[in-house]
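Numbered from 1 within each chain, the chains take letters A, B, ... in sequence-line order.
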Amino acid sequence: MLDIKLIREQPEAVERALAQKGGAELIKQILEVDGERRRLIKETEDLKALRNRASEAIGLAKRKGEDASAEMAKMREVADRVKALDGELKTVDERADELLVQVPNIPHPSVPPGKSDADNVEVRKWGAPRRLDFTPKPHEDVGEALGLLDPERGVKLAKSRFTVMWAGAARLARALAQFMLDLHTREHGYTEIWIPNLVSGATMLRAGQLPKFEEGLFKTIDADEGRTLYLIPTAEVSLSALHSGETLSEASLPLRYTAFSPCYRREAGTYGKDMKGIYRQHQFEKVELVKLATPAQSYDELESMVANAETVLQRLNLPYRVVERCIGDLGFSGAKGYDIEVWRPHMEKYTEISSCSNYDAFGGRRADIRYRPAGGGRPEFVATLNGSGLAVGRTLIAVLENYQQADGTVMVPEALRPYAGGLERLTAHR
RNA sequence: GGAGAGGUGGCCGAGUCGGCCGAAGGCAGCCGCCUGCUAAGCGGUUAUACGGUCAAAAGCCGUAUCCAGGGUUCGAAUCCCUGCCUCUCCGCCA
């Protein structure tokens, strides 16, 4: 959510900043509704002030035993008027909010222009794609041939986009998660947090998932209470809403949190896309990174967050590149962001495995998280950042594809072996 | 699932028959004084949001906030209703 004051005071600047991202056309409407809102506030509050003074006088008069019925009758009318105005104001407030939450974040000046991911800018590359002396297969072929990935059983148990993982694949997934958490907590200074995977609508709202993205979420009904809880599509939801409503001290920032969680996504509107393998599933696991920082710190924190995610791939010796997202690919809340893309041998190209974003104060304002500046003064909104560090399923894909051998087996990356009980090679299951 | 208790400022806690309650008192915090040091003592001070005023900030004025939403009333922390949350005991349970 943008600051209404910024829109009010510099509407042209905001419109210009949003020209490429969209939402500029909302600004004029917002100004109109905001003006109406302020007129109503003035009117109601003046009336309330009148009422408060009169009520005090009435109380005083009554205590003296004087008759105040004339004044009371007058105030009855004022009270009715106040009630009517309060109703109007509520409507206008809702309208103003409704418009304001539709305005996307303003991109940081350093963000490259562009319309789609095709315009993203490569920042750096790491690792050389290894040369294989055979034709590399996609992970689903590698995994299914070994009996480790089992889409048929996933569909039988649930529906499409669910895949059962057997033996070595299941073990490797668990090892990956453990490895990533240890790395981030021991070497990168993140605090590991266990969070609810089912959250209320209010939490989804604060995390920016509702009302816009409801069609992407799985809902559950608590039968006894008839209440809706949502399955989280990412631990970011719980982590970024963790401190909502709180005022933190500047000294405590930046806060660096990590959480391992399952993620549930309906993937509505992606029919037919990525149907093979486990690239796009309804349920997957992810180690998430979230930071709360001052806006001034946040751009450095974004760089270090990307570096933290990159370290995972470096330790696994998986070639990747980092691209900076252009304005059109930033997403609704992003002020600046990077994607990390991992090498896919059979495709001979890089595909996304992590996405790190700085939402700046836009995220803090929506989640209602402030900090009190060290030098004193009014609380300010924190900047929120998030990134995947990394998605377990997609990392497993990268391992299966990059470590596949001519005989169909898959070597286990050295860094993972201690976490996989010394397992060195994935071989056929049964 | 059964029975009961309760939600007040950073924390503890008082609020009488509804008015003078943004809310006593204490603690913690901040500023100053005092004091060989420490401890104690003395005085002052300490919420947030929104609106108005102002070139802007400060300040000032106003409105709202005693879990949330409704209601009664000229007026509600205080009365009524609904919801949410917390706690205690019993039962069940990984």
Side-chain angles (χ1 to χ4, degrees), chain A residues 1-11 13 30-101 194 196-206 210 221-230 241-252 262 361 364-382:
Chain A
M1 189 158 59
L2 282 183
D3 188 352
I4 180 69
K5 282 185 202 144
L6 182 69
I7 295 175
R8 203 183 283 158
E9 284 159 19
Q10 304 176 44
I30 288 174
L31 286 176
E32 231 167 80
V33 175
D34 182 54
E36 174 65 10
R37 179 175 159 269
R38 287 195 285 168
R39 269 193 298 283
L40 276 173
I41 287 174
K42 182 89 177 85
E43 195 180 346
T44 4
E45 293 193 346
D46 285 351
L47 270 184
K48 283 181 183 172
L50 173 71
R51 181 187 66 185
N52 288 349
R53 279 195 301 274
S55 294
E56 207 173 310
I58 289 169
L60 223 65
K62 279 196 149 182
R63 226 165 307 120
K64 285 192 215 151
E66 294 167 5
D67 173 55
S69 50
E71 193 67 6
M72 280 164 65
K74 208 190 295 174
M75 283 307 116
R76 229 182 309 255
E77 282 170 34
V78 171
D80 286 345
R81 180 82 187 120
V82 165
K83 194 173 285 182
L85 283 170
D86 271 341
E88 274 180 60
L89 185 57
K90 197 176 168 189
T91 312
V92 172
D93 264 341
E94 280 164 8
R95 176 81 187 124
D97 272 353
E98 197 180 296
L99 288 170
L100 197 58
V101 298
W194 187 97
N197 301 145
L198 283 164
V199 302
S200 65
T203 297
M204 282 296 181
L205 204 68
R206 282 192 283 262
L210 289 178
I221 309 285
D222 184 324
D224 288 339
E225 304 179 39
R227 198 163 29 157
T228 303
L229 287 175
Y230 296 86
L242 195 63
H243 288 293
S244 74
E246 299 178 19
T247 302
L248 310 165
S249 72
E250 180 171 351
S252 69
R365 195 172 296 110
R366 185 177 52 207
D368 189 26
I369 306 171
R370 290 159 222 267
Y371 71 96
R372 194 173 293 282
R378 308 233 156 261
E380 310 271 354
F381 288 108
V382 301

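Between N52(A) and rG62(B), a side-chain N or O to OP1/OP2 separation shorter than 4.0 Å is absent. Side-chain nitrogen and oxygen atoms of R38(A) include none within less than 4.0 Å of the OP1 or OP2 phosphate oxygen of rG51(B).
Looking at heavy-atom distances under 4.0 Å, R8(A) makes contact with sugar-phosphate atoms alone, never a base. Contacts of D46(A) with the nucleic acid, taken as non-hydrogen atoms under 4.0 Å apart, are absent. M75(A) comes within 4.0 angstrom of sugar-phosphate atoms only, judged by non-hydrogen atoms across all strands, and of no base. Looking at heavy-atom distances under 4.0 Å, I41(A) makes contact with sugar-phosphate atoms alone, never a base. R63(A) comes within 4.0 angstrom of a nucleotide base, judged by non-hydrogen atoms across all strands. At a threshold of 4.0 angstrom between heavy atoms, the contacts of K62(A) include nucleobase atoms, whether or not backbone atoms are also involved.
Taking the charged nitrogens against the carboxylate oxygens, E36(A) and R39(A) do have a contact shorter than 4.0 Å, which makes a salt bridge. A salt bridge links E43(A) with R81(A): the closest approach of a Lys/Arg side-chain nitrogen to an acidic carboxylate oxygen falls below 4.0 angstrom. Look at R38(A) and D34(A) and you find a salt bridge, because one of the NZ, NE, NH1 or NH2 atoms lies within 4.0 Å of a carboxylate O, short of that distance. Salt bridge annotation for D93(A)-R95(A): absent, with no cationic side-chain nitrogen under 4.0 angstrom from a carboxylate oxygen. Using a 4.0 Å cut-off between a side-chain N of Lys or Arg and a carboxylate O of Asp or Glu, D80(A) and R76(A) do not qualify as a salt bridge. Contact check on D97(A) versus R37(A) returns no salt bridge, with no Lys/Arg side-chain nitrogen under 4.0 Å from an Asp/Glu carboxylate oxygen. Between E71(A) and K74(A) there is a salt bridge, since at least one side-chain N of the basic residue sits less than 4.0 Å from a carboxylate O of the acidic one.
Remark: rC89(B) base-pairs with rG2(B). Criterion, Watson-Crick or G-U wobble with two distances under 3.5 Å. When both distances must be under 3.5 Å, the Watson-Crick or G-U wobble mate of rA28(B) is rU46(B). The pairing partner recorded for rA58(B) is none, the criterion being a Watson-Crick or G-U wobble arrangement whose two distances lie under 3.5 angstrom. In a base pair of the Watson-Crick type (N1 to N3 plus N6-O4 or O6-N4) or a G-U wobble (N1-O2 and O6-N3), with each distance short of 3.5 Å, rA68(B) is matched with rU82(B). Pairing partner, rG19(B): rC74(B), with both Watson-Crick or wobble hydrogen-bond distances short of 3.5 Å.
If you check rG71(B), rA49(B), rC74(B) against the side chain of R370(A), the one that comes closest is rA49(B). If you check rA49(B), rG19(B), rC50(B) against the side chain of K5(A), the one that comes closest is rC50(B). Nearest nucleotide to the side chain of A49(A), out of rG71(B), rG62(B), rG70(B): rG62(B). Residue R378(A) has its side chain nearest to rU48(B) when only rU63(B), rG52(B), rU48(B) are considered. For E45(A), whose side chain is taken as the heavy atoms from C-beta onward, the closest listed nucleotide among rA49(B), rG19(B), rG62(B) is rG62(B). Taking only side-chain atoms of A79(A), from C-beta outward, the nucleotide of rG75(B), rG70(B), rC50(B) with the closest atom is rG75(B).
To the nearest angstrom, P of rA49(B) lies 8 Å from CZ of F381(A). Atom pair R76(A):CZ and rC74(B):C1' shows a separation of 7 Å (rounding to whole Å applied). In this structure, CG of D93(A) is placed 12 Å from C1' of rA49(B), rounded to the nearest angstrom. As a whole-Å value, the separation of R51(A) CZ from rG19(B) C1' is 13 Å. Spacing between atom CG of D97(A) and atom P of rA49(B) amounts to 17 Å, rounded to whole angstrom units. Following rounding to the nearest Å, E246(A) (CD) and rU48(B) (P) show an atom-to-atom distance of 16 Å. Rounded to whole angstrom, the span from the CD atom of E77(A) across to the P atom of rU73(B) amounts to 15 Å. Atom CG in D80(A) sits roughly 12 Å away from atom C1' in rU73(B) (whole-Å rounding).
Separating the C1' atom of rG9(B) from that of rA28(B) is a span of 13 Å, rounded to the nearest Å. Atom P of rA58(B) sits at a distance of 33 Å from the matching atom of rC34(B), rounded to the whole Å. Nucleotides rC31(B) and rG25(B) place their P atoms 22 Å apart, quoted to the nearest Å. Separation of the C1' atoms belonging to rA23(B) and rU8(B) is 8 Å when rounded to the nearest angstrom. Between rG10(B) and rU45(B), the distance separating the two C1' atoms is 15 Å to the nearest Å. Rounded to a whole angstrom, the distance from the P atom of rG26(B) to that of rU46(B) is 15 Å. Atom name P, nucleotides rG6(B) and rC80(B): the rounded distance is 13 Å, in whole Å. Separation of the P atoms belonging to rC85(B) and rC92(B) is 25 Å when rounded to the nearest angstrom.
Between K48(A) and K42(A), the one whose closest nucleotide on RNA chain B sits nearer the 5' end is K42(A). In terms of position on RNA chain B, the residue among A73(A) and R372(A) whose nearest nucleotide sits closer to the 5' end is R372(A).
For the pair D46(A) and K42(A), the minimum side-chain heavy-atom distance is below 4.5 Å.
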